Protein chains: 2
Amino acid sequence: MSAGDANPNTSLNNSSSKSDKVPAMNGPSPAELRRAASYPYGLVQPLLTDQYQVTMAYAYWKSERTNDSAVFDFFFRKNPFDGEFTIFAGLSECLKFLQNFEFSDSDIAYLKTTLPASTEEGFFEYLKTLDCSNIEVYAIPEGSVVFPRMPLLRLEGPLPLLQLIETPLLTLINFASLVTTNAARFRLAAGKEKVLLEFGLRRAQGPDGGLSASRYCYMGGFNGTSNVLAGKLFGIPITGTHAHSFVMSYGGLDEVKNRMLQPADESKPPVDFVEICIRCREKVCQLIKVLQEQTHEGELAAFISYALAFPTGFLALVDTYEVLKSGVANFLAVTLALDEVGYKAKGIRIDSGDLAYLSLCVRDIFKTVGTEYSLPWLEKLMIVASNDINEETLLSLNQQGHGIDAYGIGTHLVTCQKQPNLGGVCKLVQINGVPRIKLSQDVSKVTIPGRKVVYRLFSSEGHALIDLMQQVDEEPPKPMERVLCRHPFEESKRAYVKPRRVEVLHKLYLKNGKLCQTLPSLEEKKQLVQDSLDSLRHDHKRALNPTPYKVSVSDRLYHFLHDLWLANAPIGELY
Amino acid sequence: MSAGDANPNTSLNNSSSKSDKVPAMNGPSPAELRRAASYPYGLVQPLLTDQYQVTMAYAYWKSERTNDSAVFDFFFRKNPFDGEFTIFAGLSECLKFLQNFEFSDSDIAYLKTTLPASTEEGFFEYLKTLDCSNIEVYAIPEGSVVFPRMPLLRLEGPLPLLQLIETPLLTLINFASLVTTNAARFRLAAGKEKVLLEFGLRRAQGPDGGLSASRYCYMGGFNGTSNVLAGKLFGIPITGTHAHSFVMSYGGLDEVKNRMLQPADESKPPVDFVEICIRCREKVCQLIKVLQEQTHEGELAAFISYALAFPTGFLALVDTYEVLKSGVANFLAVTLALDEVGYKAKGIRIDSGDLAYLSLCVRDIFKTVGTEYSLPWLEKLMIVASNDINEETLLSLNQQGHGIDAYGIGTHLVTCQKQPNLGGVCKLVQINGVPRIKLSQDVSKVTIPGRKVVYRLFSSEGHALIDLMQQVDEEPPKPMERVLCRHPFEESKRAYVKPRRVEVLHKLYLKNGKLCQTLPSLEEKKQLVQDSLDSLRHDHKRALNPTPYKVSVSDRLYHFLHDLWLANAPIGELY
């Protein structure tokens with residue numbers, strides 16, 4: 001077997017383990033079975049963490065600090081893709097992970113092999129007792145537009161436990177938020193009326209990179225995916241027709257077996273569909289001025305085969321040989337033939353060449369043929385474009401003008417080529433009631449201490465005006481009342497704001513191991529992304545030089561932050 | 001529960017499913033249980049594919065082409081990272097997937113919901129019978145240096161089945177090869193003697209992106225990872241000490257509970273370690289000219305706590321407050337204290353600032369203190385550097401000079417920031433014994449038709465000279481005999497080569513559902529990466545303007561390719 005490179009304790013059922021590192025067990029534990037039964041099939045488990053979280057946990061345990069009460073903020077420092085907004089995603093997966101948090105016996109056995117022999121047994125007993133029932137999770141709803149420096153999550157609970165869960169939460173949120181944001185940007189660039197399909201599985205960063213991308217691209221505004229498993233697991237619409245290899249696999253018409261097609265009107269007898277297609281090709285070639293010899297017969301055979309299998313879903317990839325002289329002619333031959341027996345074709349896909357030019361040419365041809373045969377729907381046939389499309393391609397296509405209805409997008413979307421990570425971090429902001437600040441010569445790396453909550457202030461037009469971060473025990477800002485919003489670091493930057501509406505962004509999601517909110521469905525999160533983006537002024541969202549959206553602090557938080565900063569900053573020396 | 005956004009059929013045990021889309025089943029099927037038990041826990045399954053593979057399969061089935069015999073080549077078109085080599089990885093996972101290939105009942109039930117109602121039942125019965133026992137897989141050994149256009153895999157078998165497995169194989173190989181290559185480049189840049197640690201989990205593209213990165217970075221030349229689960233699953237060495245938050249969580253020395261430390265000599269009684277550290281800090285501050293008030297007391301407390309937990313593994317993160325005035329002074333205080341009770345500290349980690357400058361300063365301080373106290377090992381303490389390190393950082397550090405022994409590398413390594421995908425493709429090259437060529441105006445996209453095998457020709461110095469692609473039924477090139485190697489597309493580029501040694505790169509790995517080769521362990525693959533890279537001349541591997549390594553074709557393959565090209569190329573028209 002190919003398990004040559006795997007630790008023999010990999011499998012759930014390690015009763016046959018021969019390793020002497022980890023003791024054999026009698027089959028999978030209940031925790032392991034629960035893991036295996038949930039997507040992504042147990043990959044997200046307590047050991048999906050950095051080893052330093054474990055060593056720190058031991059040092060805390062030795063120091064009798066296991067019940068120290070800590071507060072961590074999860075935030076990021078810069079919006080991705082040179083943009084001025086980010087979509088927060090991954091919260092549901094975090095909550096699922098926290099609710100199921102439990103070290104299995106084999107986890108503990110493995111950890112023992114990684115720590116010094118002097119490590120006290122009591123520590124492992126402590127690990128075995130750990131769950132997340134004494135953690136409180138405050139968070140912004142998944143799908144919201146968020147901005148740098150605001151806590152997406154505020155985690156409150158025992159210090160060592162918060163350390164242990166830091167890495168998995170970062171792993172679950174960083175990529176989810178990044179790829180959702182990317183998808184939302186593609187949606188903004190394409191416009192609301194276009195169909196966006198995610199085709200990225202083969203280029204994704206591994207199987208789960210592909211699955212996560214399919215899920216979160218859908219949430220970010222895509223209409224569907226090519227990824228079948230994502231369809232099965234998440235209920236996302238899936239889509240797909242055929243590849244170049246399908247066209248290349250046909251050499252000629254004699255390779256079409258089962259030439260008979262049942263007309264849509266079931267009272268009629270089956271017809272020899274190949275014959276009709278050959279006849280239609282003659283007509284089409286004459287009409288669109290293409291020599292019949294230029295149309296590739298293998299391509300026609302492939303299209304006929306596909307239409308025989310999917311008479312109600314005929315969408316053909318037309319660029320295997322030559323788009324205008326061969327692909328489109330063959331497509332139209334089959335389309336007219338389908339029309340004769342009562343079926344409507346769906347359209348074409350172009351996967352190479354000048355997409356703007358070709359799509360306009362094809363639209364013209366569709367119009368010519370539709371007019372000639374009095375088939376007005378022909379002009380409206382769907383044109384799908386694919387081939388290395390990124391956000392800039394979409395913007396450039398819009399500028400040039402094109403005839404494309406739908407885009408199939410892979411590599412750039414799912415790997416987030418422009419910036420493959422969000423860089424979210426998780427920082428300690430309070431310990432045993434005492435605020436903590438992380439200083440840095442780089443102001444963007446200074447943390448804002450203490451327990452905080454964020455309010456979004458809206459204008460009378462319904463637009464988000466500014467976000468205001470306060471200490472949790474401050475009076476919330478009130479609609480129609482003036483509130484002072486300060487830049488967190490620049491003293492002179494202040495503004496009075498009189499919001500029409502105030503929304504508190506943070507809600508309590510988890511307490512005593514129980515969810516405190518009904519979690520939205522994927523469709524609801526998808527809707528929130530669009531609503532949240534709609535509430536943002538256009539200039540914050542535009543691709544070129546967008547206006548930064550301001551995240552301010554209350555006057556009290558401003559002073560709290562700066563007093564603590566001064567108290568902690570070392571005094572330099574000059575000689 | 002947080003499964004709000006998941007299809008209720010997600011779980012393995014879907015007997016309680018309430019969805020009417022997929023019928024309820026009596027618990028997981030044997031196929032599903034096998035999936036769940038193997039890493040990556042069933043994510044890699046037949047449905048991890050593009051929907052068009054399924055629709056094509058149906059069209060083939062309708063066309064009675066299920067037994068058509070196809071050959072697909074898996075290859076890529078361009079080396080990543082502006083380099084001139086790539087490491088092939090992911091083969092073991094592909095073989096594991098193929099050996100376990102089987103549609104489960106719930107897969108079939110799901111597929112039925114995605115295809116038109118007119119889809120014939122016989123197709124689903126056909127899918128149920130599918131396994132990979134009639135596929136032959138020829139491949140280059142995992143860990144080999146490979147180059148554009150050569151088939152990494154040659155897949156032979158029934159056409160629809162090869163289509164169905166195309167996407168999962170691409171998903172398994174593309175990222176694996178990309179990140180292994182990236183790691184190998186970091187290793188080349190750092191030099192063989194440095195310690196390279198992968199710290200990327202939190203920035204990876206999802207949980208499996210992180211796990212895959214840990215596994216393949218190790219294979220590519222890294223020494224270990226921070227990822228605990230990767231350690232457990234793959235037996236990779238794991239490593240970790242503490243974070244800034246650990247340091248920040250301590251306000252002062254009174255927070256150190258359990259101050260007593262058992263000296264290394266077990267016959268001696270425990271000592272008050274905090275007291276010794278305070279005394280040592282006085283000495284150190286005087287010696288390295290730091291005011292005691294400049295050293296942060298919380299930081300000292302954190303270091304002491306860590307040393308109390310890991311007296312044999314004390315490695316401290318020294319940049320939470322100020323590296324030279326606080327971090328290093330506190331570190332040395334604890335190091336000297338540990339020495340007094342018989343333990344040797346390990347070293348420091350720096351996570352910000354000018355890594356070259358700081359590491360040299362710290363090395364100087366270590367030397368000063370080591371000399372003063374006659375502790376020569378002190379000068380050799382390990383200096384670990386982290387903070388957004390990429391290949392260019394390593395090269396630049398080497399140029400500047402530095403005192404770093406080990407690097408902790410995350411984001412750039414695991415997300416392959418410079419180029420987040422390899423772009424590997426899988427193309428049809430033969431069908432029912434007839435070669436197929438994919439033409440394109442872009443020559444780099446023209447495929448080389450037919451069944452091929454690649455030989456690597458070595459010089460008398462042991463270096464790889466050139467790779468030679470031939471048709472499978474050609475006589476292999478012989479050592480010490482002249483062979484004509486041709487550029488595949490440029491007629492005038494030809495060379496006679498007289499190799500000292502000839503290695504055939506392709507081996508048969510899978511036939512009749514059985515492995516035909518013993519698969520190497522992860523350690524063996526790691527070794528092959530280094531051996532394979534060692535056989536490559538330096539100029540192919542250098543970071544700046546590397547020399548392209550040539551992949552040539554035999555004279556016969558050259559003519560075969562060009563004859564077929566001419567026969568298939570459409571004749572243009574000029575008016």
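Naming: A, B, ... by sequence-line order, numbering from 1 per chain. What you are looking at is a predicted structure, and each value in this text was computed from that prediction instead of being measured.
When heavy atoms are compared at a cutoff of 4.5 Å, A/Phe123 does not approach chain B at all. In this structure, chain B has no heavy atom under 4.5 Å from any part of A/Glu524. Contacts of A/Glu166 with chain B are made by side-chain atoms alone, with heavy-atom separations under 4.5 Å and no backbone atom involved. Contact of A/Leu172 with chain B is made through the side chain alone, with heavy-atom distances under 4.5 Å. For A/Leu91, no part lies near chain B; criterion is any non-hydrogen pair under 4.5 Å. Using a 4.5 Å cut-off between heavy atoms, A/Ala204 contacts chain B through its backbone alone, with no side-chain atom that close. Neither the backbone nor the side chain of A/Glu322 comes within contact range of chain B; no heavy atom of the residue lies under 4.5 Å from a heavy atom of that chain. Interface residue A/Asn174: only side-chain heavy atoms are found under 4.5 Å from chain B. Proximity to chain B (any heavy atom under 4.5 Å) is shown, for A/Phe246, by both the backbone and the side chain. Contacts of A/Ile431 with chain B are made by side-chain atoms alone, with heavy-atom separations under 4.5 Å and no backbone atom involved. Contacts of A/Ile437 with chain B are made by backbone atoms alone, with heavy-atom separations under 4.5 Å and no side-chain atom involved. Only the side chain of A/Leu159 has a heavy atom closer than 4.5 Å to any heavy atom of chain B. The part of B/Ile236 that comes within reach of chain A is its backbone (N, CA, C, O), which places non-hydrogen atoms under 4.5 angstrom from that chain. Heavy atoms of A/His244 lying under 4.5 Å from chain B belong exclusively to its side chain.
Side-chain contact between B/Thr114 and A/Val228 is absent, with no heavy-atom pair separated by less than 4.5 Å. Side-chain contact check for B/Thr55 versus A/His242: every heavy-atom pair is 4.5 Å or farther apart. Considering only heavy atoms from C-beta on, B/Pro420 comes within 4.5 Å of A/Gln205 through its side chain.
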Discussion item. Let's go through A/Gln51 and B/Thr239 carefully: what are the C-alpha distance in whole Å and the side-chain angles of both, what is the deciding distance for side-chain contact (heavy atoms from CB on, under 4.5 Å) to 0.1 Å, and is it a yes or a no?
Written reply: CA-CA 6 Å; A/Gln51 174 69 352; B/Thr239 177; 5.9 Å; no

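Note that CG of A/Leu201 and CD of B/Gln53 are 9.5 Å apart. Values are rounded to the nearest 0.5 Å. In this structure, OH on B/Tyr58 lies 10.0 Å from CG on A/Leu308, to the nearest 0.5 angstrom. Here CG of B/Asp50 is found 3.5 Å from OG of A/Ser226. Values are rounded to the nearest 0.5 Å. The CG atom of A/Leu211 sits 10.5 Å away from atom CG of B/Leu47, with the distance rounded to the nearest 0.5 Å. Put simply, CG on B/Asp208 and CZ on A/Phe175 are 11.0 Å apart, with the number rounded to the nearest 0.5 Å.
Counting heavy-atom pairs closer than 4.5 Å to chain B, the top residue among A/Met56, A/Lys257, A/Lys62 is A/Met56. Options A/Gly206, A/Cys94, A/Ser118, A/Pro168 differ in how many heavy-atom pairs under 4.5 Å they form with chain B, and the most are formed by A/Gly206. The candidate from B/Thr225, B/Thr49, B/Leu439 with the greatest count of non-hydrogen atom pairs under 4.5 Å with chain A is B/Thr49. Listed options B/Leu170, B/Thr415, B/Val434 were ranked by heavy-atom pairs under 4.5 angstrom with chain A; first place goes to B/Thr415. Of the listed residues B/Gln262, B/Arg436, B/Lys445, B/Glu64, the one with more heavy-atom pairs under 4.5 angstrom with chain A than any other is B/Arg436. Among A/Ala302, A/Ala213, A/Ser63, A/Ala59, the residue with the largest count of heavy-atom pairs under 4.5 Å with chain B is A/Ser63. Residue with the most contacts toward chain B among A/Thr320, A/Thr312, A/Asn227, A/Asn568: A/Asn227 (heavy-atom pairs, distance under 4.5 Å). Comparing B/Gly313, B/Gly423, B/Gly210, B/Ser326 by how many heavy-atom pairs each has under 4.5 Å with chain A, the most go to B/Gly423. Among A/Glu293, A/Met248, A/Lys438, the residue with the largest count of heavy-atom pairs under 4.5 Å with chain B is A/Met248. The choice from A/Phe72, A/Tyr306, A/Tyr60 that makes the most heavy-atom pairs within less than 4.5 Å of chain B is A/Tyr60.
In the model, A/Arg65 has no side-chain atom that pairs as donor or acceptor with a side-chain atom of B/Ser305 under 3.5 Å.
Looking at A/Val425, A/Thr167, A/Asn421 one by one, the single match for side chain to side chain contact (heavy atoms under 4.5 Å, CB included) with B/Arg202 turns out to be A/Thr167.
Side-chain atoms of A/Ser245 never come within 3.5 Å of backbone atoms of B/Leu428 as a donor-acceptor pair (strictly under, hydrogens ignored). Not one N or O on the side chain of A/Thr171 forms a donor-acceptor pair closer than 3.5 Å with the backbone of B/Pro207.
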